[in-house]
Amino acid sequence: MTSKNILKYIFIAAVLVLASLALADALGYFNQKSYTAVSHGSHAHYVPHDRDPDVPINKFPREEPAPGEKITPTGQIVPAEE
């Protein structure tokens, strides 16, 4: 193999690794919080990972919960249990 071919394969491998990391980030793999921000027009709603699918997105809060609070599957912000 020539050095040109080696560089081509290294470039392809680097692109694949970066694309995999971008996909994992987009799917929330690196999200440490129990909720995620869902864009809804000009604002975002904060939705828990265990959301009730029967509750529409607009019923969830538009502000992040404070430390010591959590969002219920139905959209209420309540104190978190330790």
Side-chain angles (χ1 to χ4, degrees):
M1 287 182 109
T2 65
S3 63
K4 192 173 186 179
N5 281 341
I6 292 172
L7 287 176
K8 179 173 66 172
Y9 289 122
I10 290 173
F11 176 75
I12 290 171
V15 168
L16 288 175
V17 168
L18 290 175
S20 298
L21 288 173
L23 179 63
D25 185 44
L27 294 175
Y29 183 75
F30 302 115
N31 187 2
Q32 299 294 322
K33 298 178 180 176
S34 63
Y35 57 87
T36 188
V38 176
S39 180
H40 192 231
S42 62
H43 59 277
H45 290 274
Y46 294 91
V47 180
H49 297 297
D50 60 348
R51 148 176 127 76
D52 182 356
D54 296 329
V55 179
I57 293 292
N58 64 350
K59 298 294 182 188
F60 289 91
R62 291 171 60 177
E63 297 178 4
E64 286 188 81
E69 294 181 332
K70 71 174 189 172
I71 304 171
T72 66
T74 56
Q76 287 79 33
I77 294 180
V78 297
E81 300 93 25
E82 293 299 320

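The model shown is predicted, which means the values in this text are computed figures rather than measured ones.
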Can you measure from CD (Glu63) to CD (Glu69) and round to the nearest 0.5 angstrom? 10.0 Å
Once rounded to the nearest 0.5 Å, what's the spacing between atom NZ of Lys59 and atom OG1 of Thr74? 11.5 Å
Starting from Val15, can I reach Leu18 by hopping between I/L/V/M/F/W/Y residues whose side chains sit under 4.5 Å apart? no
Assess the residue pair His49 and Asn31 against the criterion (side chain to side chain contact (heavy atoms under 4.5 Å, CB included)); give the C-alpha distance rounded to whole Å, side-chain angles, the decisive distance to 0.1 Å, and a yes or no. CA-CA 11 Å; His49 297 297; Asn31 187 2; 3.7 Å; yes
Locate the shortest heavy-atom distance separating His40 from Asn58; write the atom from each residue and the value. CE1-CB, 4.1 Å
Find the distance between NZ (Lys33) and CD (Glu64) and round it off to the nearest 0.5 Å. 4.0 Å
Rounded to the nearest 0.5 Å, what separation is found between the CG atom of Asn5 and the OG1 atom of Thr2? 4.0 Å
Spatial distance of atom OH (Tyr29) from atom CG (Asp25) [nearest 0.5 Å]: 12.0 Å
Sub-4.5 Å side-chain heavy-atom contact between Lys70 and Ile77: no
Tell me the closest heavy-atom pair linking Pro73 and Phe60, and the distance in Å. O-CZ, 3.4 Å
Distance col, row Gln76:CD vs Ile71:CD1, nearest 0.5 angstrom, shows 10.5 Å
